[in-house]
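Values in this document were obtained by computation on a predicted structure and should not be read as measured data. Any value given below was found using the heavy atoms of this structure, including those in side chains, with hydrogens, waters and symmetry copies removed.
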Amino acid sequence: MKQVDEVIFVTDGPVDHLAWVAYDDYDRHAIFYLDDDPNEQEIQRYIGWTPSRQEMPKLKAYLASTYEVYEPLELITFFEIPDPYLPGSDPRVLVTYYHNTYHDQFNVGINAYPPQREPEILEHADKIVPARDLERFLKNIMLTLGSEVEEEVEKHVLEGDVRDFLQRDDDFRKQTVRSLPDDIHPEYTGDEAVLWQKPASKVDHLDSAAGFVQVWVPVDEENIGLLSITSGEYDRKSVLDEVQETLLVEL
């Protein structure tokens, strides 16, 4: 698994669907695209670009001005598969999974380095995966990953008359209006939301003197609340299900 620095998704431009991945402290870059008739000149231009951290704003400005849709991505897995049949450390398959928020779907991207040997390297990769078909193998993993992420996201959702419930509960206090953080629900990330919170000590299943249960209510939604739990004397992920269940009963 590689440490990813930034991921940018663009569409409706010279290439229909493109994800740009910067990794290894911006020393390396990879592009993944899907287009039946890509602009080869544009693709070759991208392959030749390796912007440093300081040069990334120029790349972003170019992509934002060239494509109708430009979005930074958050949920991503990126890794390399060395080619066991070619000498040296360079030949490798590059694989990425990412949540495409524009189309609200999970995508898998596959290519190889060096680009001029891509067909040969991908053919070698087919030989070392259980299905003898790298693309099918990775898409099966993607489906599993997508289901798991979707299940995790749904743990944050409260449906019902959320606004009325929060106003009736004397322990919840309205705090502020701000953009929804990026670790709660990808569909609403960045949207304006009203933040309500109550002390963890006031919630069943949370035997803690520290921390808060938070409910974010998107300003454009009537019956949706997004649940989150701040750090405290508990494991946030393990108690999220129980807290959600408790609040849904009260709704």
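- Between F78 and F32, the ring planes lie perpendicular to each other; the angle is over 60°, past the 30° to 60° tilted range.
- A donor-acceptor contact shorter than 3.5 Å is absent between the side chain of R92 and the backbone of D83.
- Residue-environment remark: CZ (R136) stays at or below the threshold of 12 foreign heavy atoms within 6.0 Å.
- Remark: Q116 CD is packed, more than 12 non-hydrogen atoms of other residues, nucleotides or ligands lying under 6.0 Å away.
- In the model, Y33 has no side-chain atom that pairs as donor or acceptor with a side-chain atom of E42 under 3.5 Å.
- Ring pair H17/F9 is perpendicular by interplanar angle, where above 60° counts as perpendicular and below 30° as parallel.
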**Request:** Report the C-alpha distance between D169 and K198 in whole Å, list the side-chain angles of each, state the deciding distance to 0.1 Å, and finish with yes or no for salt bridge (Lys or Arg N to Asp or Glu O under 4.0 Å).
**Result:** CA-CA 9 Å; D169 189 321; K198 70 191 296 186; 2.9 Å; yes

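- Note that CH2 of W196 and CZ of F165 are 10.5 Å apart. Values are rounded to the nearest 0.5 Å.
- The pair E55-K58 fails the salt-bridge criterion, with no side-chain N (NZ, NE, NH1 or NH2) lying under 4.0 Å from an Asp/Glu carboxylate O.
- In this structure the side chain of Y188 reaches within 4.5 angstrom of the side chain of I224, judged on heavy atoms.
- The side chain to side chain donor-acceptor pair (under 3.5 Å) search around Q175 returns none, not counting sequence neighbours.
- For E40, the CD atom sits in a packed shell: over 12 heavy atoms of surrounding residues, nucleotides or ligands are nearer than 6.0 Å.
- Using a 4.5 Å heavy-atom cutoff, the side chains of Y85 and K127 are in contact.
- Relative ring orientation between Y46 and Y67 is described as tilted, the plane-to-plane angle lying within the 30° to 60° band.
- For D25, the CG atom is densely surrounded, since the number of other residues' heavy atoms within 6.0 Å is greater than 12.
- The closest donor-acceptor contact from the side chain of H29 to the backbone of P51 lies under 3.5 Å.
- Within the 4.5 Å cutoff, no side-chain heavy atoms of Y113 are placed close to those of I121.
- By the 4.5 Å heavy-atom criterion applied to side chains, D5 and M56 are not counted as neighbours.
- Side-chain heavy atoms closer than 4.5 Å link hydrophobic residues (I, L, V, M, F, W, Y) into clusters, and following such links, possibly through other members, connects Y70 to L59.
- The hydrophobic cluster containing I128 also contains V108, counting ILVMFWY residues as joined when their side-chain heavy atoms lie under 4.5 angstrom apart, directly or transitively.
- The two atoms that bring N39 and P14 nearest to each other are CB-O, 3.5 Å, heavy atoms only.
- Listed for the E118 side chain is a donor-acceptor partner under 3.5 Å among the backbone atoms of A112.
- In this structure, the side chains of I81 and L134 come closer than 4.5 Å at one or more pairs of heavy atoms.
- Within the 4.5 Å cutoff, side-chain heavy atoms of V157 are placed close to those of L226.
- Under the 4.5 Å side-chain criterion, counting only non-hydrogen atoms from C-beta, D16 is not in contact with L34.
- At a cut-off of 3.5 Å, with distance as the only test, no side-chain donor of Q54 or Y26 sits close to an acceptor on the other residue.
- Taking the six-membered ring where tryptophan is involved, the planes of Y97 and F79 are tilted, since the angle between them lies from 30° to 60°.
- Side-chain contact check for E192 versus P218: every heavy-atom pair is 4.5 Å or farther apart.
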